[in-house]
**Q** 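Once you've had a glance at the structure underneath, I'll fire off some questions.
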2 protein chains.
Amino acid sequence: MSLKFAILGLVEQQGPLSGYDIKQTIERSIFYIWNVTGAQIYNALRDMREKGLLSAETVAQDGRPDKRMHQITDAGRAALVAEADAPIRDEALRDKVLLRVFFGNQADPEAMAREIEAYMARIHQEIDYLESVERRVLANPGPQHAARHFQLLSLRLKVAQLRGMEEEFRRAGYDLPATEPDQSNPTNIAKAG
Amino acid sequence: MSLKFAILGLVEQQGPLSGYDIKQTIERSIFYIWNVTGAQIYNALRDMREKGLLSAETVAQDGRPDKRMHQITDAGRAALVAEADAPIRDEALRDKVLLRVFFGNQADPEAMAREIEAYMARIHQEIDYLESVERRVLANPGPQHAARHFQLLSLRLKVAQLRGMEEEFRRAGYDLPATEPDQSNPTNIAKAG
DNA sequence: GTTGACTATGCAATAAGTTGACTATATATC
DNA sequence: GATATATAGTCAACTTATTGCATAGTCAAC
């Protein structure tokens with residue numbers, strides 16, 4: 001449900017969107033929480049149209065392919081609210097990275113250490129990047145108070161998780177490989193994969 | 001693959017295991033990383049037997065149902081090592097809790113605040129519980145140095161994540177509901193849900 | 001003039017994960 | 001005697017997620 005929840009939330013907040021728009025938006029705003037490919041989104045959209053959660057209208061463009069703009073329906077809005085109001089549970093607790101660490105002794109020791117340090121480097125860059133996003137958001141005050149509050153909160157929660165992990169890796173004796181700082185986000189965690 | 005990876009890792013480390021044994025072990029040692037039900041394990045085992053990653057032998061018991069003890073095969077060991085040696089990627093980045101926070105404005109504001117505070121309480125208990133596990137492990141020194149190192153590391157990484165989130169929620173103005181402390185783990189995050 | 005990036009969508013197949021129902025026996029508790 | 005818990009397993013159906021492939025036009029760079 002969660003990808004569909006995210007799509008419903010975006011379409012509700014940002015009016016009619018094409019699949020492509022949704023992909024862009026997720027890559028710009030939810031990338032640190034949820035990773036998707038284009039195919040996943042189009043698959044989900046088809047499904048949601050068939051279930052009546054979204055309605056779509058084909059719009060012709062000049063010089064560009066047609067696109068299908070999606071709107072949330074009453075049924076979609078009901079599904080969105082139902083999910084948003086459901087109790088928060090940590091169901092499907094699942095962390096591939098921690099699992100790899102847990103069974104780290106199955107790997108070659110030196111390779112494992114290198115992997116961890118490379119992962120630390122990605123964490124480090126990701127923290128920098130997320131904090132630059134936060135600064136950018138804070139610097140330009142807009143409307144949508146409640147939405148902004150929660151979006152920033154989730155971002156800061158992610159940063160807090162990453163910081164915690166980084167410190168813990170350090171405490172365990174692992175160290176960042178020396179690199180130049182980088183303000184862009186070419187190899188961030190969310191995208192590396 | 002990850003559930004199967006976990007199963008392969010356990011069977012490799014702890015010799016012949018029944019599905020039931022695996023369930024118990026996961027509930028005792030990997031519960032904070034990966035959540036499973038019995039059916040999931042038995043489904044995975046059938047699959048892995050069919051693929052030749054595990055071999056099984058039925059063992060009769062008196063006063064108890066027969067059980068099928070699983071051993072890792074050469075193919076299984078190869079699959080385990082292949083996974084363990086693969087680069088660590090944060091593929092399938094997916095956090096339902098953060099997603100719920102991100103779209104928190106879609107929920108009723110007071111209900112959302114209550115949900116977050118209830119979640120904080122679970123985090124808090126989970127930290128206490130994980131730290132008690134860590135103390136217990138540290139207090140009884142055993143063999144398996146490398147395995148222990150990585151198992152404790154993953155546990156501490158999880159604690160670090162949770163601590164980070166707890167602090168961040170506090171900073172955002174949310175507060176733990178007042179409760180009695182509890183040393184057992186009846187409603188911990190891993191099990192709640 | 002061809003290569004690559006961007007815009008834009010789709011389907012089929014597979015893999016992975018989840019749920020619910022079901023079968024048994026033994027022991028301990030009420 | 002009834003109920004609950006622990007042990008031990010299976011299957012079918014389902015949802016969710018992932019991958020690979022295909023299509024097709026515009027635009028800029030080389």
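Within every chain, numbering begins at 1; the chains are lettered A, B, ... in the order of the sequence lines, protein sequences first and strands thereafter.
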**Q** Can you measure A:R94 atom CZ to C:dA15 atom C1' for me and round it to whole angstrom units?
**A**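 That distance rounds to 13 Å.
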**Q** Apply side-chain contact (heavy atoms from CB on, under 4.5 Å) to A:A107 and list each qualifying residue two or more places apart in sequence or on a separate chain.
**A**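 Partners of A:A107 by the side-chain contact (heavy atoms from CB on, under 4.5 Å) criterion, ordered by chain and then number, come out as A:M112, B:A84, B:D85.
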**Q** Return the value, rounded to whole Å, for the distance between atom CD1 of B:I41 and atom P of C:dG17.
**A**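 My rounded result for the distance is 13 Å.
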**Q** Starting at atom CG of A:L8, determine the distance to atom P of D:dT16, rounded to an integer number of angstrom.
**A** 12 Å
**Q** What is the distance, to the nearest angstrom, from the CG atom on B:L45 to the P atom on C:dG17?
**A** 14 Å
**Q** Could you list the residues that satisfy ring pair (Phe, Tyr, Trp, His ring centres under 6.0 Å) with B:F103, not counting sequence neighbours?
**A**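 Checked B:F103 against ring pair (Phe, Tyr, Trp, His ring centres under 6.0 Å); matches are A:F5.
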**Q** For A:A111, which residues count as a side-chain contact (heavy atoms from CB on, under 4.5 Å) partner, sequence neighbours excluded?
**A** A:D108, A:R114
**Q** Is there a side-chain polar atom (N or O) of B:K67 under 4.0 Å from OP1 or OP2 of D:dG9?
**A**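 For D:dG9, OP1/OP2 do not have a side-chain N/O of B:K67 under 4.0 Å.
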**Q** I want to confirm an ordering. Mapping B:Q24 and B:Y42 to their closest nucleotides on DNA chain D, which one lands closer to the 5' end?
**A** B:Q24
**Q** Of all residues at least two apart in sequence or in a different chain, which pass the side chain to side chain donor-acceptor pair (under 3.5 Å) check with B:E117?
**A** none
**Q** Using the ring of each side chain (for Trp, its six-membered ring), is B:F169 parallel, tilted or perpendicular to B:Y174, with breaks at 30° and 60°?
**A**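 Plane angle over 60°, so perpendicular.
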**Q** Quickly work out the A:K23 NZ to C:dA5 C1' distance and round it to whole Å.
**A**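 Roughly 12 Å, once rounded to whole Å.
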**Q** Quick one: side chain to side chain donor-acceptor pair (under 3.5 Å) pairs with a partner in residues 37-46 of chain B, sequence neighbours left out?
**A** B:T37-B:Q40, B:N43-B:R46
**Q** According to side-chain contact (heavy atoms from CB on, under 4.5 Å), who are the partners of A:E12, at least two apart in sequence or on a separate chain?
**A** A:I72, A:R77, A:L80, B:Q106
**Q** Grab the N/O contacts between the protein and nucleotides 12-15 of chain D below 3.5 Å, and write none if there aren't any.
**A**
residue, atom, partner, partner atom, Å
D:dA12, N6, B:N43, ND2, 3.3

**Q** Tell me: CG of A:D47 to P of C:dT9, nearest whole Å?
**A** 17 Å
**Q** Taking for each residue the nucleotide of DNA chain D bearing the nearest heavy atom, is the 5' side occupied by B:Y20 or by A:L3?
**A** B:Y20
**Q** Is there a donor in the side chain of A:Q13 and an acceptor in the side chain of B:N105, or the other way round, less than 3.5 Å apart?
**A** yes
**Q** Mind checking B:S18 for me? I need base, sugar-phosphate or nothing, with any heavy atom below 4.0 Å counting as a touch.
**A** sugar-phosphate
**Q** What integer distance in Å separates B:Q40:CD from C:dG17:C1'?
**A** 6 Å
**Q** Can you list every stem that DNA chain D is part of, counting only runs of 3 or more consecutive Watson-Crick or G-U wobble pairs with both distances under 3.5 Å?
**A** C:1-30 with D:1-30
**Q** Can you name the residues that form a salt bridge (Lys or Arg N to Asp or Glu O under 4.0 Å) with A:R49, not counting sequence neighbours?
**A** none
**Q** Between P on D:dG9 and CD1 on B:I22, what's the gap in Å once rounded to a whole number?
**A** 9 Å
